[in-house]
2 protein chains.
Amino acid sequence: MSKVARDYVASLRKPDDAETKYFGITELAAACGTTARAIRFYEDKELLTPRRINGGRAYTRRDVVRLSLIQRGKAMGMSLAEVKHILDLYGERGQGKVAQLEYILGRIDESIGELEARRDHIATTLAELKIIRNEMLADMKRKRRKKPAA
Amino acid sequence: MSKVARDYVASLRKPDDAETKYFGITELAAACGTTARAIRFYEDKELLTPRRINGGRAYTRRDVVRLSLIQRGKAMGMSLAEVKHILDLYGERGQGKVAQLEYILGRIDESIGELEARRDHIATTLAELKIIRNEMLADMKRKRRKKPAA
DNA sequence: CCGAATGTTGACCTATACGTCAACCTGACG
DNA sequence: CGTCAGGTTGACGTATAGGTCAACATTCGG
């Protein structure tokens, strides 16, 4: 498992205590290379749910990794709704009854299926582009042989 | 190379002749499982440029595969602008001077890089989800052993 | 106590990717 | 000749993913 996801899953097991360091929205934005506006937007869509201290949002390391997972999802071409799905899958595990676990398992299998389809599409297109690339390289060699100083 | 892309690249070599069968926007939409509105929208964004017959749009097999490529791009999480990029790469090859070929080659390499990054993100997330899946299956087995009739 | 920093909500603006609807044209059929 | 399927453009509406700006609260340093 990647560091970010491992950290996140681990952080779910230990609740926040007095030792927990909280930080503001600007710091979180800087840490993850995004903007405060985007972070508030994600909260609006329930992808992040920080505590409130004096009316201000208070984030922890948990939120850093969660936000990183959001960004990875976006890099995969997922919508925020899809990312929320995946995050819920990370979060809900471990504490359910068997029926709940079976439901979540079904959703995980769905997500896996969709991601595999997406991955296969990408693999196909990548292979095609690489073939085109090689054909072009061959063309260029041929042309350069024909008129080397043109 | 996939059938759809192979067909498209092949179709680029032979121009439309009198034998070419044209068909309307509704047929194209049905053939590709999309809507006429979407197809007109793609034309607006210059992803499709059908001939006009009596004011109406006339499509060929070339457009069918091109539209299929558009849909595959979307399934990969690409924007229409990105898809247009890829389609241009399919289309522009073979007829350029060396300098043009080098430019196009650069763009192909960019696209390949982006797609590889996206593929790697997906691979990582897939691996994580599969681990979670297996942990959950193990949990469920354990719970069922503890209270089999609950 | 004042101001700068940091934060808040709310409202409005933007681009993308279409759906929906209106009003119109146009060729084929009876 | 009417009309009906099939097509056209244009205008407006919708959801997503934010950016931008205004107006206001809070807290810290001097």
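Below, chains carry the letters A, B, ... as their sequence lines are ordered, and counting in each starts from 1.
One can place OH of A:Tyr59 at 16 Å from P of C:dT6, the figure rounded to the nearest angstrom. Taking atom CZ of B:Arg37 as the reference point, atom P of D:dA15 lies 17 Å away to the nearest angstrom. Note: CG (B:Asp44) to P (D:dA11) measures 12 Å, nearest angstrom. Counting to the nearest Å, the P atom of D:dT16 and the CD atom of A:Glu46 are 13 Å from each other. Residue A:Ile25 contributes atom CD1, which lies 18 Å from atom C1' of D:dT27 at whole-angstrom precision. Rounded to whole Å, the distance from CD1 on A:Ile53 to P on D:dC28 is 13 Å. For A:Lys84 and D:dT16, the NZ to P distance is 13 Å, given to the nearest whole Å.
Applying the 4.0 Å criterion to OP1 and OP2 of D:dT9, one finds that B:Arg57 has a side-chain N or O inside that range. For B:Arg52, a side-chain nitrogen or oxygen approaches OP1 or OP2 of D:dT9 to under 4.0 Å.
Heavy-atom nearest nucleotides on DNA chain D were determined for A:Lys45 and for A:Asn54, and the one closer to the 5' end corresponds to A:Lys45.
Residue B:Tyr42 is classed as a sugar-phosphate contact, given heavy-atom separations below 4.0 Å to backbone atoms only.
The A:Ala38 side chain lies nearest to D:dG19 when the options are D:dT8, D:dG19, C:dC18.
Counting heavy atoms of neighbouring residues, nucleotides and ligands inside a 6.0 Å radius, atom CD of B:Glu46 does not exceed 12 of them.
Judged by distance alone, the side chain of A:Arg66 and the main-chain N or O of A:Leu48 form no donor-acceptor pair under 3.5 Å.
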